[in-house]
Amino acid sequence: MEIKEMMMTGKLWTSLGSTAAALMVGWAMFQPFCPVDPGDYLKKCGNKLVTFFSPYIEIKFSEYTADRFKRSEVFSAIEAYLMSNSSKQAKRLKADAGKNSRTVVLSMDDQEEITEEFQGATFWWSSTVSHTPKFSYFSASDEKRYYILTFHKRYRNLVTDSYLNHVIEEGKAVGVRNQQRKLYTNNSSDNWHGYKKTIWSHVVFEHPSTFQTLAMDPKKKNEIMEDLITFKRSKDYYKKIGKAWKRGYLLYGPPGTGKSSMIAAIANLLDYDVYDLELTIVKNNTELRKLLIETSSKSIIVIEDIDCSLDLTGQRKKNKKKKEKDEKKEGEPKPDEIKEEEEKSKDTESKVTLSGLLNFIDGLWSAIGGEKLIIFTTNYVDQLDPALIRRGRMDKHIEMSYCNYEGFKVLAKNYLDLESDPLFDTIHGLLKDTEITPADVAENLMSKAFEVNSKECLEALISALQETKEKARLKAEEEAIAAATKEGEASTSTKEAAKETEEKESLTRSKDKEAESDLV
Ligand SMILES: Nc1ncnc2c1ncn2[C@@H]1O[C@H](COP(=O)(O)OP(=O)(O)OP(=O)(O)O)[C@@H](O)[C@H]1O
Ligand SMILES: [Mg+2]
């Protein structure tokens, strides 16, 4: 009996096992054709059930928006907002460098939770990270971070009406307080794709130049500072007059007169990020627009040496010449080498046009983000297209000129801690009729030894000034001689030409006379 039972139980298990195996095999074959995963379905139903009975509501804030293009500003604001609470409550924290790299900023690490009270309500914040497997080029096995806010459903209105606004505004303010100023530069568009794309790369901006250290006419300096501060405070004014909140500056002057130093001083005064735009690697107007969209507000967009960056006016002339050349050669077969070269240059050549750049400065897209300063620098202001620098586009034209006595006094104070010296009078006299850049003055005032010897530095400057003055005198003399020689040559050739005409005329006259006498 027992043996029979055992045999039957054994048979039962065997048949059950084989049925299960058959079912599994069948399911595995059928699964690819079944649109719904029952596991997922059950999970969904479970979630629905829990949500239905739970009195709590959850809001999820992802780090990246759907297009994974830009880090969500809301996420960054929440991150900053939770900082102060995190450092008190969370047990696992993340540390990062704060403003000017002098402080450490702590924030909540992944998979942590904190609680906070707001107007009598309790809110739970948790930070979560999920790892997505690599299934496409764009996802690249990445971590997705998000914050989840949980609250009782009776606070729904409080959250939507005031709590979220409070979090974002506070967070943005904390972000600005902790944020290090950054210096950005644009990458070639070859690096713009994939998840790890970087349109702009940055380093911490730490240039020490300020308006106090800038050598220039104090009146002009104050005027610029006032203009900048007014701009920074004029959000409502710009809205009222219907203008985008941005301003254009054109800095021009010879090399070494402080154009780049002025940009750094402006960034330090306004506390803005700097985007140093390298136009030569921007391939076309669309790329230029993309770069603009990716800049933050409270920023300075700089295009240095605009005359060299892109031959905007010249490009049109060049194209015209090329066209003429092409027309001439029309019909002639082109050798393979030339064809290849043309293809290559087509790829590398920047196709940013003047109109593209003008749109960048004041087209519809330029208003995005607001609070932007656009600065162009050039050594040759007369070579720029007038459309580019007309008032309204470049609102302020600032000439950075050679060093004058006022400028020298600023440099002497900065470099030597000197406000007066008997040698100042000599320098004053020499500066009146010598063109020397502040960079050259600064170089002479810089102490070559650890101990500053003011007298030696001033004497070095005096001899540099005398040398420059002498060089300028010799150059002027040479030019005068060259001009006189040219004039002399010109007058000789004019005389010769006159003589030739005279001879020709007398020849014609005599021929006419001969003809007349023949007729008689
Ligand atoms: N006006 C100035 N005040 C103080 N320092 C200056 C001034 N001009 C030049 N310098 C000194 O000279 C150096 C070079 O100046 P800067 O790079 O600002 O000149 P720039 O006008 O931008 O020249 P470039 O046209 O060649 O780019 C600076 O590092 C700074 O030390
Ligand atoms: Mg410069």
Side-chain angles (χ1 to χ4, degrees), residues 183-186 203 205-225 227-228 248-270 272 274-280 300-311 373-384 388-389 394 396-419 424 427-428 430-432 434-448 452 454 457-458 460-461 464-465 468:
L183 171 62
Y184 293 84
T185 184
N186 53 314
V203 290
F205 180 80
E206 287 179 324
H207 201 292
S209 174
T210 62
F211 274 94
Q212 279 70 44
T213 63
L214 258 190
M216 67 187 293
D217 180 21
K219 230 172 104 188
K220 211 159 132 188
K221 201 194 287 193
N222 283 337
E223 192 203 310
I224 297 168
M225 283 168 78
D227 186 80
L228 289 166
Y249 270 42
L250 172 72
L251 307 182
Y252 64 94
T257 47
K259 296 179 292 297
S260 304
S261 311
M262 164 76 90
I263 296 170
I266 293 175
N268 285 330
L269 177 78
L270 298 178
Y272 284 3
V274 179
Y275 288 84
D276 190 3
L277 180 60
E278 180 55 59
L279 261 191
T280 46
I300 303 174
I301 301 173
V302 180
I303 305 182
E304 287 244 47
D305 299 317
I306 181 84
D307 50 304
C308 316
S309 297
L310 204 62
D311 195 3
L373 207 68
I374 298 172
I375 305 184
F376 287 174
T377 75
T378 180
N379 295 142
Y380 309 99
V381 69
D382 351 314
Q383 286 180 15
L384 297 181
L388 191 64
I389 56 170
M394 291 290 113
K396 213 163 168 53
H397 295 192
I398 301 168
E399 183 180 4
M400 301 300 289
S401 47
Y402 289 110
C403 194
N404 58 15
Y405 184 57
E406 293 300 330
F408 157 74
K409 282 207 295 197
V410 175
L411 292 174
K413 176 96 184 52
N414 291 341
Y415 284 73
L416 307 172
D417 272 328
L418 268 187
E419 288 194 28
F424 273 25
I427 293 170
H428 191 177
L430 281 165
L431 279 172
K432 267 184 198 158
T434 315
E435 285 187 341
I436 190 167
T437 61
D440 284 334
V441 175
E443 181 54 33
N444 282 294
L445 295 185
M446 233 168 103
S447 184
K448 308 289 178 292
V452 181
S454 314
C457 292
L458 291 178
L461 175 63
L465 276 166
T468 316

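These figures come from a predicted structure and were not determined experimentally. Every number for a ligand or one of its atoms is a count from 1 in the order of the listing.
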Quiz item: Which ligand 1 atoms are under 4.0 Å away from a heavy-atom of Thr213?
Solution: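 Listed by number with element, the hits are 3 (N), 4 (C).
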
Exercise. Go through the structure and list residues passing side chain to side chain donor-acceptor pair (under 3.5 Å) with Tyr272, not counting sequence neighbours.
Key: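 Once residues adjacent in sequence are excluded, the partners of Tyr272 under the side chain to side chain donor-acceptor pair (under 3.5 Å) criterion are Glu371.
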
Quiz prompt | Candidate list Val441, Leu458, Thr434, test side-chain contact (heavy atoms from CB on, under 4.5 Å), partner Ile427, passing option | solution =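 The single option meeting the side-chain contact (heavy atoms from CB on, under 4.5 Å) with Ile427 is Leu458.
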
Say whether, by atom type as modelled, one donor and one acceptor occur between the side chain of [X] and the main chain of [Y] under 3.5 angstrom.
X	Y	answer
Asp307	Thr378	no
Asn268	His207	yes
Lys259	Met400	no
Thr377	Asp305	yes
Lys409	Asn404	no

Practice problem: Specify side chain, backbone, both or neither for Thr377, according to which of its non-hydrogen atoms lie closer than 4.0 Å to ligand 1. | Solution: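 Answer for Thr377: neither.
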
Measuring from [atom], which candidate in [options] has the nearest non-hydrogen atom?
atom	options	result
atom 15 (O) of ligand 1	Gly253, Ala215, Ser261	Ser261
atom 10 (N) of ligand 1	Pro254, Ser209, Ala439	Ala439
atom 9 (C) of ligand 1	Ala264, Pro208, Gly256	Gly256

Quiz prompt | Spacing of Ser454 atom OG and Leu418 atom CG [to the nearest 0.5 Å] | solution =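 One gets 4.0 Å once the value is rounded to the nearest 0.5 Å.
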
Quiz item: Got a second to check how far Ser209's OG is from Ile266's CD1, nearest 0.5 Å?
Solution: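 Here the interatomic distance stands at 9.5 Å.
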
Quiz item: Mind checking whether His428 and Tyr405 have parallel, tilted or perpendicular rings, split at 30° and 60°?
Solution: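 Because their plane-to-plane angle is under 30°, the rings of His428 and Tyr405 count as parallel.
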
Quiz item: According to the interplanar angle, ranging from 0 to 90°, do the rings of Tyr275 and Tyr184 count as parallel (below 30°), tilted (30 to 60°) or perpendicular (above 60°)?
Solution: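 Because their plane-to-plane angle is under 30°, the rings of Tyr275 and Tyr184 count as parallel.
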
Looking only at protein heavy atoms, which one is nearest to [atom], and how far off is it?
atom	answer
atom 26 (O) of ligand 1	Pro255 CB, 3.5 Å
atom 27 (O) of ligand 1	Ser260 OG, 4.0 Å
atom 19 (O) of ligand 1	Gly258 N, 3.4 Å
atom 25 (O) of ligand 1	Lys259 NZ, 2.9 Å
atom 6 (C) of ligand 1	Pro438 CB, 4.1 Å
atom 5 (N) of ligand 1	Leu411 CD2, 4.1 Å

Quiz item: Just checking, is any N or O donor in the side chain of Thr185 or Glu278 under 3.5 Å from an acceptor N or O on the other one?
Solution: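 Judged by distance alone, the side chains do not pair up.
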
Quiz item: Contact between Tyr415 and ligand 1, counting heavy atoms under 4.0 Å?
Solution: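 Contact check Tyr415 vs ligand 1: positive.
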
Self-check item: Atoms of the protein (N/O/S only) found under 2.8 Å from the Mg ion (ligand 2)
Solution: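 Per the 2.8 Å query on the Mg ion (ligand 2), atoms found are Ser260 OG.
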
